[in-house]
Protein chains: 2
Amino acid sequence: MDGKDRQIVRALQANARMTNQDLAAAVNLSPSPCLRRLRNLEDSGVIRGYSVDVDAKAYGLPMMVFIRIRLERHTGSHIQEFEARIRAIDEVLECHLMTGPADYLLRVVVAGLDHYEDFIRNRIHAIGGIASIDTSIVYGTIKKTGVFPALPS
Amino acid sequence: MDGKDRQIVRALQANARMTNQDLAAAVNLSPSPCLRRLRNLEDSGVIRGYSVDVDAKAYGLPMMVFIRIRLERHTGSHIQEFEARIRAIDEVLECHLMTGPADYLLRVVVAGLDHYEDFIRNRIHAIGGIASIDTSIVYGTIKKTGVFPALPS
DNA sequence: AACTCCTTGGCAGATAATGCCAATTCTGAA
DNA sequence: TTCAGAATTGGCATTATCTGCCAAGGAGTT
């Protein structure tokens, strides 16, 4: 992982479907070594996968919610159980373990308030062992980028 | 935006660099109409762009932080100023306007505690008009997916 | 039933990906 | 400084993919 690899990463974060030729041009390499570096990044796990940024409202999921959750017990088995259940819920796009009063922060997308109520009642509360749930609904997104800041190479 | 478009979206969210032929096979279309649908989704803005999921630690940004910010004043000009300044900060990958006691939720990546202190002092506090800042450091990520839940087609 | 509109599938030329090999650059040691 | 070894690069040829065009199929309407 050197400066060139970081350049490749940032170029792809800005447009992951650019052709290898364009990518090579963007980072001042010829296509061959550029592709080899890319495969290395993929094989070594630095690049986890490629995704697409979709307008959730247009797709049919107009409501985005952040949820902070605190558990009643922090023993290993309760944590394992909770995390496994969370991973299995399709509406949960992200779940992070954090410092602070809440244990977890979840990012969730739903089709509306009805769907959200159903989600909380039948998916989250169904897990059990939850001490508190704190919901914040997203009004709007000021910024959303997948491009990392440049590092002093 | 019909069921087929949603299939295309989810397939690409799972692997945005798959070839059009593979995508077509995955959604039971031939390459031609599949590509046309894809171009439609791109041109209509449903697809905002393509990105790559990179291991931030391997890249050199081992620390991820969520920050909740409340403003002192909520007049239009203060809000515009704050949002414009936030958009210009490379370390801020996401910024959402939310319900609840905090106005904004930011997702930030930094190279370490020193970098974070510099970020708060010289980027965030420099904006002015901020009533409170509440930091939560991410210990680990339980789940992170770009794939939307399927909708009743 | 006939018409129209939208979507699809196949074909062909243009474009891009990728394995191989020689040439170059870089590194470390004498 | 000089040299040897290793890693990286660039070019080429083959293979695979993309993409515009046109005719065919299907759904909905009058």
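Chain A is the first sequence line, chain B the second, and so forth, proteins listed ahead of strands; every chain is numbered from 1.
Per the geometry, CD belonging to A/Gln21 stands 12 Å off C1' belonging to D/dT17, to the nearest Å. Rounding to whole angstrom units, CG of residue B/Leu35 and P of C/dA14 are separated by 18 Å. Between the CG atom of A/Leu29 and the P atom of C/dT24 there is a distance of 18 Å, given to the nearest Å. The interatomic distance linking A/Arg36 (CZ) with C/dT18 (P) rounds to 12 Å, in whole Å. Put simply, CG on B/Asp43 is 14 Å from C1' on D/dT19, counting in whole angstrom units. A straight line from CG of B/Asn40 to P of C/dC6 spans 12 Å, rounded to a whole angstrom. What separates CG of B/Asn20 from P of D/dC18 is a distance of 5 Å, to the nearest Å. The distance between atom CG of B/Asp22 and atom P of D/dT17, rounded to the nearest whole Å, is 7 Å.
Using a 4.0 Å heavy-atom distance criterion, B/Ser30 is classed as a base contact. Across all strands, A/Ser32 comes closer than 4.0 Å to base atoms (heavy-atom distances). In this structure, B/Arg37 reaches the sugar-phosphate backbone alone: every heavy-atom distance under 4.0 Å involves primed, P, OP1 or OP2 atoms, never a base. Backbone-only engagement by A/Arg39 is indicated by non-hydrogen atom pairs under 4.0 Å involving sugar-phosphate atoms exclusively.
Side-chain contact between B/Leu38 and B/Glu42: present, with at least one pair of heavy atoms (C-beta onward) separated by less than 4.5 Å.
A salt bridge links B/Asp2 with B/Arg37: the distance from a Lys NZ or Arg NE/NH1/NH2 to an Asp or Glu carboxylate oxygen falls below 4.0 Å.
When every heavy atom of B/His96 is checked against every heavy atom of A/Thr141, the shortest pair comes out as ND1-OG1, 2.9 Å.
The side chain of B/Pro31 lies closest to D/dT19 when the candidates are D/dT19, D/dG10, C/dT8.
For NZ of A/Lys144, the number of neighbouring non-hydrogen atoms (other residues, nucleotides, ligands) closer than 6.0 Å is greater than 12.
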